[in-house]
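Only a predicted model underlies this, so the values are computations on that prediction, with no experimental measurement involved. For reference, positions follow the sequence shown, starting with 1.
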Amino acid sequence: MPSKPSARLAALTVAAVCSAASTVVLTTPAHAESVRIHDIQGDTRVSPFAGRQVTDVTGIVTGIRTYGSSRGFWIQDPAPDADPATSEGVFVFTSSTPQGVAVGDEVSVSGTVTEFVPGGASSGNQSVTEITKPTVTVVSHGNPVPAPAVLDARTVPAAYAPQGDPAAGGSVDALTLRPSGYALDLYESLEGMNVRVADARVVGATDPYTELWVTVKPRENRNKRGGTVYGSYDAQNTGRIQIQSLGKAADFPDANVGDVLAGATTGPLDYNQYGGYTLVASELGTLEAGGTERETTRAQHRSELAIATYNVENLDPSDDTFAAHAEAIVHRLSSPDIVSLEEIQDNNGATDDGTVAADVTLAKLIDAIEAAGGPRYDWRAVDPADKQDGGEPGGNIRQAFLFNPARVSFTDRPGGDATTPADVVKVRGKAALTLSPGRIAPDSAAFEDSRKPLAGEFVFRGRTVIVIANHFSSKGGDQGLTSRYQPPVRGSETQRHLQAQEVHDFTAKILKVQKNAAVVALGDINDFEFSRTARIMEGDGVLWSAIKSLPASERYSYVYQGNSQALDQILISPSIRRQCSFSYDSVHINAEFHDQISDHDPQVLRFKP
């Protein structure tokens with residue numbers, strides 16, 4: 001058997017094989033090489049044999065994938081080498097459903113070594129080493145599957161990833177793997193191999209694609225509800241791993257955060273487009289309920305103004321979630337005085353026919369709230385220009401205010417439309433909006449193809465409160481935490497920083513006119529409380545993110561890839577913060593549950609103006 005080659009290919013070969021044929025006979029064996037799996041995998045992320053033909057690669061079949069666009073099977077060498085950096089498993093891509101192989105078969109495979117990038121090269125994802133266009137020979141049946149590598153708190157390092165090579169644009173592809181030093185290196189060194197987690201707590205609920213997330217580090221940034229909190233860019237939570245199943249989707253458990261997959265969950269370690277390293281389970285643990293329940297916030301006192309922000313996830317009249325959202329607002333949020341809604345769609349949702357009005361959507365929600373026992377809310381919003389605010393094509397999402405007229409009044413100043421910017425003036429010594437409701441800087445490049453902030457004046461017990469509803473640009477297009485570039489590039493931040501500056505500057509203008517003005521800027525900020533986006537909004541003490549009044553373990557409104565994180569925030573001006581009479585609650589009713597009606601948890605602020 002040849003020794004491992006010391007040279008590494010510098011270029012990444014990317015090939016998404018689309019051939020319908022699952023078997024190709026090699027007609028030029030002189031250019032093929034007989035190697036072991038660990039030779040193919042090598043000790044970096046890119047195979048030293050990428051783009052080359054190999055013959056007689058032997059291994060035991062450990063799993064077969066018969067669904068999706070990446071059909072094939074995994075094989076593993078039962079006789080590993082002594083190098084922990086070289087994986088002993090590899091995926092054999094057959095294109096169509098594999099025939100004639102079964103788990104436990106010893107096979108000999110010849111084919112082309114390919115580095116496949118899930119999502120394409122522009123995604124920034126790491127590549128998966130595969131053998132493509134294979135010729136497969138079954139040598140024997142009924143062999144024992146190689147024992148799985150165990151992933152737990154002892155085996156997974158605390159450090160997440162090495163710094164990428166600056167000369168390679170920050171790529172880690174050519175770096176020698178250090179599986180004892182970095183979690184991503186460990187997972188890469190096990191790519192394609194049989195792995196196991198045991199008694200793993202769920203930190204990301206089952207999604208519609210039959211995936212969930214667990215942690216193999218029970219104590220890593222745990223919160224009291226069983227989640228894993230993402231509290232800084234340097235705390236990526238290395239124990240998180242995605243679980244899929246090789247079985248039927250109908251058999252996959254409906255899990256919530258805090259539940260446990262008891263016993264062993266075992267299968268090949270894959271890498272996919274939507275979560276990186278993924279245990280594709282041939283054996284799933286038994287789901288044990290963790291008892292996580294939806295929260296209810298207290299009702300505001302008579303002298304307290306309660307303001308909430310709630311992303312209702314592309315709500316339009318055709319949805320069947322109105323009653324559930326109404327129940328949440330009335331009985332979970334205790335009927336706040338003002339509710340800032342994000343992702344209200346127009347009256348026919350995704351139908352792209354020029355409709356921009358959302359009065360039917362809002363009326364249907366208001367009726368449902370009243371039917372659920374809540375107050376008869378009134379509403380204010382500004383219709384966007386058609387197809388100018390991003391979101392689902394044709395949906396024309398926007399922010400909208402609901403308010404309880406029995407508790408607060410709205411100060412209407414006409415003239416607000418999709419393109420006219422609101423400004424600040426002094427009226428009888430106090431700051432006032434020129435338009436209410438009105439949009440902030442709708443013509444600014446900061447809000448190109450994105451939702452424009454909605455500003456409105458409210459009066460509570462004789463005190464004016466200016467509320468700014470926001471829905472900043474999404475994180476779509478950012479490189480994932482498991483990217484081949486480390487640290488990952490967060491390109492979407494550029495626009496959010498510009499948006500944050502516009503909201504900061506508008507708030508600063510209000511405070512310049514009236515130093516003690518009560519201003520609340522809230523919404524789906526699409527960024528963290530520790531992010532530069534939040535710091536720009538807060539700049540020079542103009543605003544302060546009130547979610548930071550909570551213990552660090554409770555600062556989250558969204559769960560993404562097993563990380564509980566704060567995307568929804570309520571920021572307050574100095575006059576509100578100085579009184580120290582406010583209370584803040586992130587009300588966990590959605591993000592931790594598989595049967596969520598939105599992917600965001602609402603936030604509630606109560607204070608005495």
Side-chain angles (χ1 to χ4, degrees), residues 205 225 254 256 292-302 304-349 357-381 395 397-410 454 456 458 460 467 469 471 520 522-524 557-558 568 570 583-606:
R225 294 172 61 83
D254 289 330
N256 298 325
T292 304
E293 296 182 352
R294 288 177 164 86
E295 292 186 329
T296 300
T297 196
R298 70 168 175 84
Q300 64 272 28
H301 299 310
R302 180 182 178 87
E304 288 181 312
L305 177 65
I307 304 179
T309 177
Y310 187 18
N311 184 321
V312 290
E313 196 174 4
N314 288 325
L315 189 67
D316 75 71
S318 68
D319 292 340
D320 60 1
T321 56
F322 281 90
H325 282 305
E327 183 77 12
I329 289 170
V330 175
H331 298 292
R332 296 295 179 184
L333 304 187
S334 299
S335 301
D337 301 310
I338 302 169
V339 183
S340 171
L341 299 169
E342 297 86 51
E343 295 200 16
I344 291 290
Q345 289 201 343
D346 63 33
N347 291 335
N348 60 15
D359 53 313
V360 175
T361 308
L362 290 161
K364 190 170 181 178
L365 180 58
I366 288 169
D367 288 345
I369 291 170
E370 188 174 31
R376 181 69 187 179
Y377 282 102
D378 202 348
W379 66 272
R380 297 291 188 276
I397 58 174
R398 83 291 309 273
Q399 298 87 266
F401 294 126
L402 300 186
F403 64 96
N404 180 0
R407 291 267 299 166
V408 296
S409 62
F410 190 86
L454 177 70
F458 296 86
F460 176 72
V467 182
H471 186 184
V520 176
L522 75 176
D524 180 358
S557 66
Y558 191 85
D568 306 84
I570 302 178
S583 66
Y584 190 97
D585 197 357
S586 182
V587 190
H588 304 303
I589 62 172
N590 286 320
E592 298 167 318
F593 299 92
H594 74 274
D595 55 348
Q596 58 188 229
I597 56 173
S598 168
D599 47 357
H600 292 255
D601 286 332
Q603 314 290 291
V604 177
L605 174 79
R606 293 174 290 261

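- Few gaps surround CD on Glu370; more than 12 heavy atoms of other groups in view lie less than 6.0 Å from it.
- Within the model, atoms CD1 of Ile338 and CZ of Phe403 stand 9.0 Å from one another, a figure rounded to the nearest 0.5 Å.
- The shortest heavy-atom contact between Ser557 and Ala591 is O-CB, 3.9 Å.
- Asn348 is not listed as a side-chain neighbour of Pro317, based on a closest heavy-atom distance of 4.5 Å or more.
- Side chains of Arg298 and Ser583 form a contact here, defined as non-hydrogen atoms less than 4.5 Å apart.
- Between the side chains of Gln596 and Ser598, no donor-acceptor pair of N or O atoms lies under 3.5 Å.
- Side-chain atoms of Asn590 come within 3.5 Å of backbone atoms of His600 as a donor-acceptor pair (strictly under, hydrogens ignored).
- No donor-acceptor pair under 3.5 Å is formed between the side chain of Asp316 and the backbone N or O of Gln345.
- Counting only heavy atoms from C-beta outward, the side chains of Val312 and Ile344 approach each other to under 4.5 Å.
- For the residue pair Ala358 and Arg398, the shortest heavy atom distance occurs at CB-NH1, 3.2 Å.
- Between the CG atom in Leu454 and the NE2 atom in His471 there is a gap of 13.5 Å [rounded to 0.5 Å].
- Contact check on Arg376 versus Asp367 returns a salt bridge, with a Lys/Arg side-chain nitrogen under 4.0 Å from an Asp/Glu carboxylate oxygen.
- The line from CZ of Arg332 to OG1 of Thr296 is 4.0 Å long, rounded to the nearest 0.5 Å.
- A pairwise comparison of heavy atoms in Gln603 and Tyr584 identifies OE1-OH, 2.9 Å as the closest pair.
- In this structure, the separation between CD1 on Ile589 and CG on Leu333 is 5.5 Å, given to the nearest 0.5 Å.
- A distance of 8.5 Å separates CG in Asp319 from OG1 in Thr361, rounded to the nearest 0.5 Å.
- Ion pair Arg225/Glu592 flagged as a salt bridge, since at least one NZ, NE, NH1 or NH2 atom sits closer than 4.0 Å to an Asp/Glu carboxylate oxygen.
- Ionic pairing of Arg294 and Asp595 is present here: one or more N-O contacts between side-chain nitrogen and carboxylate oxygen are shorter than 4.0 angstrom.
- At distances below 3.5 Å, not a single donor-acceptor pair connects side-chain atoms of Ser340 with backbone N or O atoms of Gly523.
- Among all heavy-atom pairs drawn from Gln399 and Ala469, the shortest one is NE2-O, 3.1 Å.
- The shortest distance between side-chain heavy atoms of Asn347 and Asp359 falls below 4.5 Å.
- Counting heavy atoms from C-beta on, the side chains of Glu313 and Asp599 come closer than 4.5 Å.
- Just one of Phe458, Tyr377, Trp379 meets the ring-ring contact (aromatic ring centres under 6.0 Å, His included) condition when paired with Phe401; it is Phe458.
- Aromatic ring centres of His325 and Tyr310: separated by under 6.0 Å.
- No side-chain heavy atom of Leu341 sits under 4.5 Å from any side-chain heavy atom of Thr309.
- Taking the side chain as every heavy atom from C-beta outward, Ile307 and Leu522 approach each other to under 4.5 Å.
- The backbone N or O of Asn314 sits less than 3.5 Å from a side-chain atom of Glu343, completing a donor-acceptor pair.
- In terms of modelled atom types and a separation under 3.5 Å, the side chain of Glu327 and the main chain of Ala324 share no donor-acceptor contact.
- Asn404 and Asp337 share no side-chain donor-acceptor pair at under 3.5 Å.
- In this structure, the side chains of Asp568 and Asp601 stay at 4.5 Å or more apart for every pair of heavy atoms.
- Summarising the geometry, atom CD1 belonging to Ile366 is positioned 6.0 Å from atom CG belonging to Leu362; distances are rounded to the nearest 0.5 Å.
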